[in-house]
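Notes for the one structure printed next.
Naming convention: chains lettered A, B, ... in sequence-line order (proteins, then strands); numbering from 1 in each chain.
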Number of protein chains: 2
Amino acid sequence: MATTSVIHRTFAVLEAVAASGSTTAKEVAQQLEIPLPSVYRLLNDLVANQYLVHLKDDGRFELGPKCFDLGLSFRQRLLAPSPIRQATAELHRTLQAASYFAVYRGADIVLTYLSDCDQHPRLRPLRFGFHEAAHATAFGKILLSGMTAEQRGSYLEARGMPILTPHTIARQDVLSDHLDEVSTRGIAWEHEEFLPRTTCAAAPVRNGSGMCVGALAVSMPSRKVTGLEARIESALREYAGQCSRYMRAG
Amino acid sequence: MATTSVIHRTFAVLEAVAASGSTTAKEVAQQLEIPLPSVYRLLNDLVANQYLVHLKDDGRFELGPKCFDLGLSFRQRLLAPSPIRQATAELHRTLQAASYFAVYRGADIVLTYLSDCDQHPRLRPLRFGFHEAAHATAFGKILLSGMTAEQRGSYLEARGMPILTPHTIARQDVLSDHLDEVSTRGIAWEHEEFLPRTTCAAAPVRNGSGMCVGALAVSMPSRKVTGLEARIESALREYAGQCSRYMRAG
DNA sequence: GCATGCGTTCTCATGGGGCGAGAATACTCC
DNA sequence: GGAGTATTCTCGCCCCATGAGAACGCATGC
C-alpha cells in the first residue's frame, strides 16, 4: 500500500511507543510482528534522530524531545490569529457557552481555537487540532456546506460517517439535503448528533471573495437551548461577522 | 553516519517543513540537496502517514495532525504529577518568583513543570520539555551534581558547554569543582550565567534511596535577590522536601 | 565461579525496493 | 493556445535494508 515500507514501519514503531507511553523493544516487536533485530534498528534510528529516548535503567523506550517540538510547530502554525481568538472568547462570554473556531486545512476540517471555562466546559473529545466527525458537528456542517459537491463526496468517502448517537446523520443523501438548508440559512444546528444531551450551533466566516473559510460555533447542554435559539443565532452571526471582517482585511 | 539513510532523510524533510511552517517540494529539495522526485516520494509518504498535509490550493506542504498527537503523548508522559505541580506552584506563590521542576530522562535533563504568572514570568527560553544548557541553569547544576563522574562527562561531551553570558561556566574542571560544592551544600545558585540580570537557585528532590531524582528551582531578577538568599534557600529546601516525600511514597 | 536469562548488538548473504535522470502529465496563468 | 510550473511516472541499476542466527554484555541466582 504505502510505497516505502521503511517509512511506514518507522512511524508504526514511533506510534506504538507513543501509544504505550513507555515500552520495550520486545513488546514492539511482537505487537507489530517485526523481527527483533529490525525493531532495534528502527528504535535506534529514532533515538539517533531524537524522536525517542532510550532509558538506560530499565531498557525502555519513550518519546523524545523532537516529538514535542513537532507538536509546538504544528500548534504555532495552526493556532487562530488573535482577533479570531478574541471574537471566539467574546462569543463564549456573551452566550455563556463554550465556543470554537474551525477552518479548512487542505482537504481537512480542523479546530484551531477553543474558548471555555469551568462553568461552560468544552465538549470532551474536542480539543485544538480536532479533525474528525465533521458530519456530526455544527462547525463541520458549516464547512462541509462550503465545499463543492465532489470535495464533500471524497471527504465523506475517505472518512465515512460514523454513528455517534441515535441522532447522528448516517446517510449521505440525508446529509446533503441538510447541508443545502444549512447553506441557505447561514446557520448550522446540531442536536445531539455528536454527544447525547448536547446541542451545537455554528455560523460561517467568509473572506473577501465571500468564500466560506471558517466556522464559529458554540456548544451547550440541550436543556439550556430552548427559547434561546434566536439569540444564539444572532450572536453567532454577529461574531462570525467580526471574524469575516478580519478575514477581509488580512 | 546514521545507519538507515531513508529514515534520517525522512525526518530531515519533516523538520524542514516544520521549521518553515509551510513550504514547497522544490524548496525542500534545494534546501536539503535531494533530487526532486525523491523529495516528492518522501513528502507523499509523510502525507500518507498523516504527518504532513498537502494544501491543494497552492501546492504547499505543512505539518499534519499526527505531529500534534505526538506532542500530546510526549506532554502527557512527561508532565510532573499533581503533587509536584502543587509544590512548584506554592513555591512560586511563596517566593513571588517563577518556579520550575526538572528530572532526569535517560541521559537527558528535562523541565517537566513550570509555574509562573504575568508578574513573575518564566525565563523566555524555558518551557515544558526544555532540555538544554544544564551547565548554565540552577536545576541543571543540581541534576548534573547527582550524576556519576562519567555520566556527567559524557553528557557534557555530547552537548558541549555553550557560552551564553559573560558569566557562563565554560570549563569542565571549573564546573566540576562548582558541582562538588553544589552537591555538599544541597543548593545550586546560578548568577547571570544563563541570562543577563537573572539569578536562579535550585534544590534537589530525592527518592526513597536518597538518590537525586529531580530539581526544584526558581528564577528572579538579580536585583531582587539581594538579602533574600537565606529565605530563598529555606523555601526551596522546604518545598523540595515536600516533593521528596511524595517521591518516597510513590 | 559457573550457569542462566535477558537485552542488545553483530555478522552476513540475499534480493527487495529505493534511487534519480529524464520524460510525461496535469495544472495554472497569461 | 502556449509558456511555465507542479507533480507523477518509467525504468534499470545497485545500494542497503533485511532477518536469521550467533555473539556479546550484564545482570542475578545457585
Side-chain angles (χ1 to χ4, degrees), chain A residues 1-14 16-17 20-62 64 105-107 147-148 150-151 154 207 209 211, chain B residues 1-14 16-17 20-62 64 105-107 148 150-151 154 209 211:
Chain A
M1 44 183 299
T3 54
T4 26
S5 61
V6 205
I7 296 179
H8 189 67
R9 241 187 204 201
T10 306
F11 284 119
V13 169
L14 185 55
V17 176
S20 64
S22 172
T23 188
T24 66
K26 194 199 275 183
E27 283 172 9
V28 174
Q30 55 200 40
Q31 187 181 333
L32 300 179
E33 299 185 340
I34 300 176
L36 242 180
S38 301
V39 169
Y40 271 109
R41 239 198 319 272
L42 295 176
L43 287 171
N44 284 334
D45 284 347
L46 286 165
V47 169
N49 284 281
Q50 311 238 44
Y51 284 84
L52 291 180
V53 290
H54 189 199
L55 274 29
K56 290 286 154 41
D57 324 331
D58 49 359
R60 303 181 81 79
F61 291 84
E62 298 192 359
R105 178 175 175 78
M147 290 183 178
T148 69
E150 58 190 338
Q151 282 177 325
S154 66
N207 67 7
S209 331
M211 281 189 348
Chain B
M1 43 180 302
T3 54
T4 25
S5 61
V6 207
I7 296 178
H8 189 66
R9 241 186 203 203
T10 305
F11 285 119
V13 169
L14 185 57
V17 176
S20 63
S22 173
T23 188
T24 67
K26 194 200 273 184
E27 284 172 9
V28 174
Q30 52 199 42
Q31 188 182 332
L32 300 178
E33 300 184 339
I34 300 177
L36 242 177
S38 301
V39 170
Y40 271 109
R41 240 199 316 270
L42 296 177
L43 287 171
N44 284 334
D45 284 347
L46 286 165
V47 169
N49 285 282
Q50 309 237 43
Y51 285 86
L52 290 181
V53 290
H54 189 198
L55 272 30
K56 289 288 152 42
D57 325 329
D58 50 358
R60 304 181 78 81
F61 291 85
E62 298 191 0
R105 180 174 175 79
T148 68
E150 57 192 337
Q151 281 177 327
S154 66
S209 332
M211 279 192 345

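One end of the helix from C:dG1-D:dC30 to C:dC30-D:dG1 points its axis 50° away from the other end's axis, with each axis taken from 5 pairs and the angle rounded to 10°.
As rounded to whole Å, 14 Å separates atom P of D:dC16 from atom NE2 of B:H8. Atom CD in B:E33 sits about 13 Å away from atom P in C:dA21, given to the nearest Å. Between the P atom of D:dA20 and the CD1 atom of A:I34 lies a distance of 12 Å, rounded to the nearest Å. Rounded to whole angstrom, the span from the CZ atom of A:R9 across to the P atom of C:dG16 amounts to 14 Å. C:dT8 atom C1' lies 15 Å from atom CG of A:L42, rounded to whole Å.
For A:S38, no side-chain nitrogen or oxygen approaches OP1 or OP2 of D:dT18 to under 4.0 Å. OP1 or OP2 of D:dA17 sits under 4.0 Å from a side-chain N or O of B:S5.
For A:F11, the ring pair (Phe, Tyr, Trp, His ring centres under 6.0 Å) criterion is met by B:F11, B:Y51, not counting sequence neighbours. Remark: B:R105 pairs with A:E62 by the salt bridge (Lys or Arg N to Asp or Glu O under 4.0 Å) rule, at least two apart or across chains. For B:T148, the side chain to side chain contact (heavy atoms under 4.5 Å, CB included) test picks out B:E150, B:Q151, with sequence neighbours left out.
Contact of the A:I7 side chain with the B:I7 side chain is not registered, since no non-hydrogen atoms from C-beta on lie closer than 4.5 Å. Inter-residue side-chain proximity for A:L43 and A:L52 is flagged as met; some heavy-atom pair is nearer than 4.5 Å. Side-chain contact between A:F61 and A:V47 is present, with heavy atoms from C-beta onward closer than 4.5 Å. With a 4.5 Å cut-off on side-chain heavy atoms, A:L14 and A:T10 do not count as touching.
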Between the protein and nucleotides 5-10 of chain D, list the N/O to N/O atom pairs that are separated by less than 3.5 angstrom.
unit_1: D:dA6; atom_1: OP2; unit_2: B:K26; atom_2: NZ; d: 3.2
unit_1: D:dT7; atom_1: OP1; unit_2: B:H54; atom_2: NE2; d: 2.9
unit_1: D:dT7; atom_1: OP2; unit_2: B:Y40; atom_2: OH; d: 2.5
unit_1: D:dT7; atom_1: O5'; unit_2: B:Y40; atom_2: OH; d: 3.2
unit_1: D:dT8; atom_1: OP2; unit_2: B:N44; atom_2: ND2; d: 3.1

Side chains of residues 24-31 of chain B: which donor-acceptor pairs under 3.5 Å do they make with residues two or more places apart or in other chains?
unit_1: B:T24; atom_1: OG1; unit_2: B:E27; atom_2: N; d: 3.3
unit_1: B:E27; atom_1: OE1; unit_2: B:T23; atom_2: OG1; d: 2.4

